[in-house]
Structure formats: structure tokens, C-alpha cells
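Heads up: the structure comes next, in C-alpha cells.
In this text the structure is predicted, and so the values were computed from the model without any measurement. Ligands are counted one by one from 1 in listed order, and the atoms in each one are counted from 1 as well.
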Amino acid sequence: MDSDFITEVERAFGDSRDDALMQRAGEIIKKGGLVAIPTETVYGLAGNALDPESSKRIYAAKGRPSDNPLIVHIAEFDALGPIVREIPEKARLLAEKYWPGPLTMIFKKSDRVPKETTGGLDTVAVRMPVNKTALSFIKAAGGYIAAPSANSSGRPSCTTAAHVYEDLCGKIPLIIDGGDVGIGLESTIVDMTGDVPVLLRPGYISHSQLEEVLGTVLIDPNVNGAELGGDIRPKAPGMKYKHYAPRGELYIVKGGEQACTDRINSECRIHKERGETAAVICLNTEVEKYTADVVSSLGNTYEDAAHNLFRCLREMDEKKIEYMYIRAFDGEGLGMALMNRIVRAAGHKFIEV
Ligand code: TXA
Ligand code: MG
């Protein structure tokens with residue numbers, strides 16, 4: 001049944017011109033249906049977070065395992081109280097500084113949030129986005145929206161409405177097109193349920209920005225990815241799955257600059273000799289160094305790279321690239337967030353030189 005929709009794409013402007021559209025989208029949600037929406041991080045696939053049937057439909061449309069919990073999106077701070085058991089003082093401070101914005105906090109959940117939404121957990125992830133269209137949509141839809149990234153499970157997240165259409169056409173009735181997203185990587189996730197906050201997923205808001213407000217913030221060992229497959233059980237269950245993956249094979253090359261360049265060029269030469277397609281993904285400043293037939297630039301800065309990474313991975317599929325090489329990113333901030341995504345996109349394949 002869920003694959004039987006004619007999917008409409010409607011442009012939003014982020015102002016009062018959208019009123020009729022928001023009302024229509026809100027009605028779909030209130031009846032248990034799904035709508036894809038823009039946020040400042042990536043596009044989300046929205047349903048009513050307080051309705052177990054809506055959450056089941058989200059899992060079905062994405063093809064996502066149902067033990068992977070959803071983020072509840074709210075439009076005002078007062079909406080937080082009813083869905084959590086307590087609001088720790090530190091969470092209040094962080095919300096004051098970074099909500100609305102690309103920050104998700106984990107709380108102990110109240111009974112109002114069904115287990116279907118939290119993947120069976122007693123905790124709930126909550127975020128207040130800053131995107132105007134997202135905020136008016138959440139209000140029109142009753143105030144509590146479950147929204148995972150709007151990609152099919154396993155694929156790169158969607159940074160344009162066209163990406164959502166590619167993945168979910170026929171599976172949902174409506175995509176709200178808010179243009180290209182601003183940030184391009186999903187929100188930073190911090191677990192606020194223990195004595196010391198724990199960073200579970202790095203994003204635009206960095207570890208040091210969190211520590212400025214909170215004091216010590218631990219970093220979950222799974223954040224850096226290399227440990228996956230070991231004994232460590234990821235605290236953000238979504239982090240255990242292969243993610244963001246292009247169809248070809250992506251390798252992360254680690255080491256000194258010249259050694260990396262030489263190795264990537266030689267790998268690409270070998271692929272070419274074998275008649276295989278290969279590409280390098282890199283920053284603009286590095287494009288000239290590579291001799292591969294396809295060298296795809298992520299832009300000049302880490303901010304550009306965050307904005308362009310998922311689009312670039314999708315383009316690799318369009319170009320039918322079989323092998324991709326990217327140098328490891330470093331640094332905390334966006335470097336850590338980018339590295340976290342490419343480690344998963346690469347299925348943890350590293351080449352150390
Ligand atoms: O920027 C974002 O956060 C986007 C936009 C649409 O808001 N949403 C997003 O949702 O990235 P999703 O479902 O693709 O990723 C949610 C992540 C998953 O890794 C999931 O395991 C984790 O949040 N998560 C959700 N609830 C959790 C909980 N109670 N405890 C720990 N991790 C949780
Ligand atoms: Mg996702």
C-alpha cells in the first residue's frame with residue numbers, strides 16, 4: 001500500500017506564502033501519513049512522533065530496521081516537557097545556546113512517546129530545527145514530528161528535494177521542496193541522560209562548542225568509526241549500520257600528503273588498466289595533484305565539504321563509478337563530522353600509507 005502514492009513536490013518559501021501548503025502537509029501527518037521536509041541539516045521524512053503507526057510507516061518507506069530510533073522534532077522549547085521524564089540543567093543550558101539549530105539531545109522519555117518511535121528504547125532523541133519551513137510544518141502538524149533523514153536506508157542523506165524524489169518516489173504523497181539545505185550533514189547528537197554528557201554523532205556543532213557550555217563532554221568510542229564490528233555496542237543504534245553508501249567501493253586513504261597522492265594516483269591507474277571506473281573525491285586545493293579521469297571537488301573549505309559530500313556520493317552513482325578514493329579528514333569540529341560520515345560510507349575500508 002505504501003508504494004502506491006503519486007508523489008507531489010511542492011516548493012516552499014519559508015514565509016506566509018506557504019500557509020496553504022503547511023495546512024495540507026499538516027493534515028497528511030494528522031491522518032497518519034508521511035511528508036518529506038527540508039531542515040537546515042538534511043531533508044527529513046516526517047510522521048507523527050506520538051503515533052506508533054506513523055513510525056512504522058516511516059521504517060517501511062525508508063526500508064529501515066525498526067530498532068533504529070527516530071529523532072522527535074519540536075518547534076518550541078515548551079513542547080519538550082511532556083515527552084521527557086526530566087530536563088537536566090545542562091540540557092537547558094545547551095538548548096538556550098543551540099536551539100533552534102543542528103543539535104539533537106537524548107533524554108529519558110515519558111510515556112507519551114511510543115516505543116515504536118524510539119526503536120524500543122526508554123530514551124528519546126529531540127531536536128528543534130531552525131529552518132523556517134520545518135518549524136511552520138511542525139506547528140501545523142501538531143507539534144511532535146518524528147523525522148529520520150529522508151534517504152532510503154543505507155544511501156547518502158538527501159540535501160535536495162530531487163534526492164528525496166529519487167529515493168522515495170511512489171512511497172509518500174508529498175515532498176516539500178525548500179531548496180538546497182544549508183549545512184549538509186545531520187545534527188550533532190549528545191546523550192544528556194547520564195552525569196556526564198556524551199557525544200554520539202558529531203555534526204556542525206562541535207565537541208569544543210559543547211564543552212564551552214557543558215564542561216566535560218565524553219566522545220562515544222563509536223564516533224570515530226574504526227572500532228565498529230568490535231565489542232562496543234553503539235549508543236546511537238543507527239551508527240552500527242552501513243550508511244551513506246554509494247554503490248561503488250569507497251576507500252579512505254590515511255597518511256602523509258605526498259604518500260597519499262602517490263597511492264591514490266597509482267590505484268586509479270591500475271583501475272584504468274583493468275577497464276574499471278575510478279574517481280578521487282577531494283578539496284579544491286588538491287584537484288591538480290590527481291591524475292584520475294574523474295576528480296570531484298568538495299569545494300574549498302570543510303564547510304563546503306560538509307555541504308557537498310552527500311551530493312557528491314550520489315553523483316558517483318550517476319557516473320557509475322566503481323572505485324572511489326578520499327583522504328582522511330582530521331581535526332575536531334567539521335573534520336570529525338566528515339570523517340564520521342565517510343568511515344560509514346566506506347564501510348570502514350582504510351588504506352594506510
Ligand atoms: O539532522 C538530523 O538529525 C536529521 C534531520 C532530518 O533532522 N535527522 C536524522 O535522523 O539524521 P536519522 O534517523 O537519520 O538519525 C538519527 C540518529 C540515529 O543514528 C539514531 O540511532 C540516533 O539518532 N538516535 C535516535 N534516538 C536515539 C536514542 N534514544 N538514543 C541514542 N541514539 C538515538
Ligand atoms: Mg540517517
Please report whether ligand 1 has a polar contact with [X], defined as an N or O pair separated by less than 3.5 Å (distance criterion only).
| X | answer |
| --- | --- |
| H73 | yes |
| R201 | yes |
| N68 | yes |
| Y43 | no |

Relative to ligand 1, is [X] under 4.0 angstrom through side chain, backbone, both or neither, heavy atoms considered?
| X | result |
| --- | --- |
| A147 | backbone |
| R64 | side chain |
| T123 | both |
| D191 | neither |

Using a strict 4.0 Å cut-off to heavy atoms of [X], name the atoms of ligand 1 that fall inside it.
| X | result |
| --- | --- |
| P69 | 20 (C), 21 (O), 24 (N), 25 (C), 26 (N), 27 (C), 33 (C) |
| E186 | 1 (O), 2 (C), 11 (O) |
| S187 | 1 (O), 2 (C), 3 (O) |
| L121 | 28 (C), 29 (N), 30 (N) |
| I189 | 17 (C), 22 (C), 23 (O) |

Flag for [Y]-[X]: side-chain donor and acceptor within less than 3.5 Å:
| X | Y | value |
| --- | --- | --- |
| E186 | S157 | yes |
| T277 | E322 | yes |
| Y325 | H271 | yes |
| Q258 | D262 | yes |
| N265 | T291 | yes |
| T41 | R127 | yes |

Open item on the list: side chain to side chain donor-acceptor pair (under 3.5 Å), that's the test. Do S187 and T104 meet it? Break it down for me.
Closed with: CA-CA 6 Å; S187 60; T104 296; 2.8 Å; yes
Check your understanding: Salt-bridged, E53 to R57, with N to O below 4.0 Å?
Key ->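 R57 and E53: not salt-bridged.
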Notebook entry, point to check: Between E27 and R24, is there a salt bridge with N-O shorter than 4.0 Å?
Noted result: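 No salt bridge links R24 with E27.
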Between ligand 1 and K109, can you find any atom pair, the residue atom being a heavy atom, that is separated by under 4.0 Å?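 It does not, in that no heavy atom of K109 comes within the 4.0 Å cut-off of ligand 1.
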Worksheet entry | Sub-4.0 Å heavy-atom approach of T118 to ligand 1 |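 T118: no contact with ligand 1 (<4.0 Å).
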Under 6.0 Å between ring centres, would you say that holds for Y244 and F310?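 Yes, they do, as the ring centres are separated by less than 6.0 Å.
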Exercise. Going by heavy atoms in the side chains, are V84 and L80 under 4.5 Å from each other?
Worked result: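 Yes, their side chains come closer than 4.5 Å.
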ask   = Is there a side-chain contact between M336 and V223, using heavy atoms and a 4.5 Å cut-off?
value =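 When only atoms from C-beta onward are counted, V223 and M336 do touch, with a gap below 4.5 Å.
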Roughly how far, to the nearest 0.5 Å, is the CZ atom of R327 from the CD1 atom of I351?
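Rounded to the nearest 0.5 Å, the CD1-CZ separation comes to 13.0 Å.
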Leaving waters out, which protein N, O or S atoms fall under 2.8 Å from the Mg ion (ligand 2)?
->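 You should have found S149 OG.
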field: With L218, the side-chain contact (heavy atoms from CB on, under 4.5 Å) member among V190, L200, V198
entry: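 By the side-chain contact (heavy atoms from CB on, under 4.5 Å) criterion, L218 pairs with just one of V190, L200, V198: V198.
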**Report entry** Of the listed options G44, S149, G119, closest to atom 12 (P) of ligand 1 (non-hydrogen atoms)
**Finding:**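 Of the listed residues, S149 has the closest heavy atom.
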